Amino acid sequence: MGKQQISKKSEAASFYQVVWRWHFYAGVIFAPFLFILAFSGGVYLFKPQIEAYLYQDMLIAETTEGTPLSYSSQVEYVLETYPDATISSVVIDDDPRRTTEFVIREGEVSSSVFVNPYTGDIQGKLDNEAKLSEVFKKIHSELLIAGTIGNRIVELAACWAVILLVTGLYIWWPRNRRSIWGMILPRFSKKGRVFWRDLHAVPAFWLSAFILVLIATGLPWSGVLGPQIQNVATTPQYAYSFGEKPESITLTKDVVDEVPWANENVAVPSSQQSNYIPLTIDETVSIFNEHSLALPYTVSMPMGEHGVYTASHMQQPADLATLHMDQYSGAVLSDVRFANFSTSAKLVEAGIALHEGRLFGWPNQLLGLLTCLGLMGIVVTSFIMWKKRKPAGKIGAPPKSKNKKATRIVFFIMIGFGLLMPLVGGSLLVILVFDQLIRPFILKKRDSIEERKA
C-alpha cells in the first residue's frame, strides 16, 4: 500500500473521528429534548380521537330531537349561566349530533362551553388550558416552560436534530458491501454493544427522511426561523380585493384563537361605524355560509366598536380560509383562501397539515406515530450504547482528533449549518468560547490541584 493511500485513509479516519465527536456531544445535550418532543408529538397527532373519547359527554348532544335553536338563543343561554363572561368565538359545525362550542373569557381565563343546540342546556365547561391536547401542545412547543425560553430550547433541539441526522448518516453509511449489515439491515445474531448499535443505526437510516420532514414541517412555528419562513409566504395584494389593504397594526393572530399559519399576519380591517345595529350571530353565520366556507369553521366576535367578525377554517389545506366581515353592514372586507397563498405558503400549509396528521387522514397519523416511536427508540438505544461503551467515571466522548485540517473542515461545515439555522450559529459561538477559553482554564486548574496533592 502506497504512502498516498495510507495518507488518504488516515485523513478519512480523522474526518470520521471529528464528525463522530460532534454527533456524540449533540446527542448527549439534545437527545432528552428530542425524546420529549417525539413523545408529546405522537400523542398530539391523535388529538381528534383522544378528545372525542375524553370529552364525549360534552361534545355529543344528549337530545337531538326537534329543530335546533338559533345561535342568538344559544348565546343568551350561555350569558345567563355565565353573566360575567364575554363570548370570543363559536364553532359552526355540520354534525347534527354535536353540541355547539362557545369559547368564553372570564378575566384572563379562556374556557369552552358546550351547549345542546336543541334544548339550550349547558352540557359542560372546559378550561382550555386544561385540555389534554393543550397540555401536550405546550410540552411539544414550549416544554411546559411558557414563553420565549421554552420555545427557543425546542427550536434549538429541532435544529440540532438535523445535524444529528446528517452526522449519523455519515458515521454509519456503508463504505463496502459487508458494512450494509448494521446500516440497512440489523445483525440480530450479534449481542451486546453491536446489537444495540444496529438497533440505533438501522431505524435511523430508514426513518431519517421522515424525521427530517417532521422537523422541517414543525419549524414554521419556531420563534427565530418561523418569522423568516413567514416572510417568504407573504399574502398577495389581491387578497384584499374587497378594499384597500388595511393599515391596521392588529394582526389576525391577535384577535382569532385558531387561524391558518399563512394568515396569521394578515392585517385586520376595521368596521365602519354607522347608524346600523351590529349584525346578530345568526345573520353573520348566514352571510359567511353564502361564501362557501368549508365546515366546520370558527366565527370570532368583534373586539370593540371597530372590530370585525372573522370566520376561519383550518383543517384540510385546500379549504383553508380566513374572512373578515364588517360587523354592521355585513360586507366582507378581506377573503384570504388557500388559492390566494403563494406557492411557498401552500407548501408550508401542506407541511403543517402533514406534521399534525391531518393531510391524508388516519394513514397520516400512523405514519407520524411510527416516525415519533422510531425517534424515541433511536434516543433510547443511543443511551444504552453510551452506557455500554463509556469508562466508569468518565463521559466516554470520542477522543479529540489531532488532525487540524479535518477539525477545521468540519467546523466550517458546522458554520454553514449555523448560517442556515441562526440558533445553531449562536450555540456554536457558545461552544467555541467554552472550548477555547473556559475548557483550557478548567483543565489548567484541575492539573494545578493534582500537582499540589502530589
Side-chain angles (χ1 to χ4, degrees), residues 34 37-51 91 131 133-134 136-142 150-152 154-155 157-159 161-162 209-236 239 251-254 256-266 293-294 296-298 310-323 336-372 375 420-421:
L34 293 176
L37 293 178
F39 176 71
S40 58
V43 173
Y44 192 78
L45 279 168
F46 292 88
K47 171 187 172 180
Q49 292 89 338
I50 292 171
E51 292 196 340
V91 177
K131 285 182 181 178
S133 60
E134 286 301 311
F136 275 91
K137 185 178 179 180
K138 269 199 167 182
I139 295 172
H140 192 69
S141 61
E142 300 175 351
N151 181 271
R152 297 300 184 271
V154 168
E155 182 176 355
C159 290
V162 175
F210 297 104
I211 295 171
L212 188 60
V213 168
L214 205 62
I215 294 167
T217 53
L219 287 175
W221 288 298
S222 60
V224 178
L225 264 179
Q228 296 179 38
I229 299 170
Q230 192 101 36
N231 289 336
V232 175
T234 53
T235 303
L251 304 178
T252 300
K253 65 183 178 182
D254 299 326
V256 180
D257 292 324
E258 292 193 352
V259 63
W261 173 87
N263 286 341
E264 287 180 347
N265 291 331
V266 171
L293 272 168
Y297 63 86
T298 301
T310 302
S312 187
H313 173 87
M314 53 172 302
Q315 290 193 3
Q316 285 302 311
D319 295 325
L320 294 178
T322 303
L323 281 70
V336 188
R337 306 193 186 223
F338 185 77
N340 303 127
F341 297 167
S342 64
T343 302
S344 55
K346 288 176 180 177
L347 289 173
V348 172
E349 286 289 4
I352 288 173
L354 178 69
H355 189 92
E356 293 185 333
R358 54 185 171 83
L359 185 61
F360 47 91
W362 65 263
N364 187 169
Q365 291 176 303
L366 290 181
L367 180 62
L369 180 63
L370 175 65
T371 305
C372 289
L375 182 54
L420 289 172
M421 299 175 284

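What you see is a predicted model; the values in this text were computed from it and never measured.
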Closer than 3.5 angstrom, by distance alone: can the side chain of [X] be matched with the main-chain N or O of [Y] as a donor-acceptor pair?
X: Glu155; Y: Val224; answer: yes
X: Glu349; Y: Ala262; answer: yes
X: His313; Y: Pro296; answer: yes
X: Asp254; Y: Leu251; answer: yes
X: Gln315; Y: Ala353; answer: no

What closest approach, in Å, do [X] and [Y] show between heavy atoms, and which atom pair accounts for it?
X: Ile215; Y: Ala158; value: CG2-O, 3.5 Å
X: Val256; Y: Val259; value: CG1-CB, 4.2 Å
X: Cys159; Y: Leu219; value: SG-CD2, 4.3 Å
X: Leu420; Y: Leu225; value: O-CD2, 3.7 Å
X: Gly368; Y: Leu45; value: C-CD1, 3.4 Å
X: Leu34; Y: Ala161; value: CD2-CB, 3.7 Å

Spacing of [atom1] belonging to [X] relative to [atom2] belonging to [Y], to within rounding of 0.5 Å:
X: Phe338; Y: Gln316; atom1: CZ; atom2: CD; answer: 10.5 Å
X: Trp362; Y: Leu369; atom1: CH2; atom2: CG; answer: 12.5 Å
X: Thr217; Y: Leu212; atom1: OG1; atom2: CG; answer: 9.5 Å
X: Lys47; Y: Arg358; atom1: NZ; atom2: CZ; answer: 9.5 Å
X: His355; Y: Leu214; atom1: NE2; atom2: CG; answer: 5.0 Å

Can the ring centres of Trp221 and His140 be said to be less than 6.0 Å apart?
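When the ring centroids of Trp221 and His140 are compared, they turn out to be at least 6.0 Å apart.
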Under the side-chain contact (heavy atoms from CB on, under 4.5 Å) rule, what do Met314 and Trp261 come out as? Steps first, then yes or no, please.
CA-CA 9 Å; Met314 53 172 302; Trp261 173 87; over 6 Å; no
Could you point out which residue of Thr322, Asp319, Leu323, Leu320 forms a side chain to side chain contact (heavy atoms under 4.5 Å, CB included) with Arg337?
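Going through the options one by one, the only one that passes is Leu323.
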Checking side-chain contact (heavy atoms from CB on, under 4.5 Å) for the pair Phe341/Asn263: CA distance, chi angles, key distance, verdict?
CA-CA 9 Å; Phe341 297 167; Asn263 286 341; 3.3 Å; yes
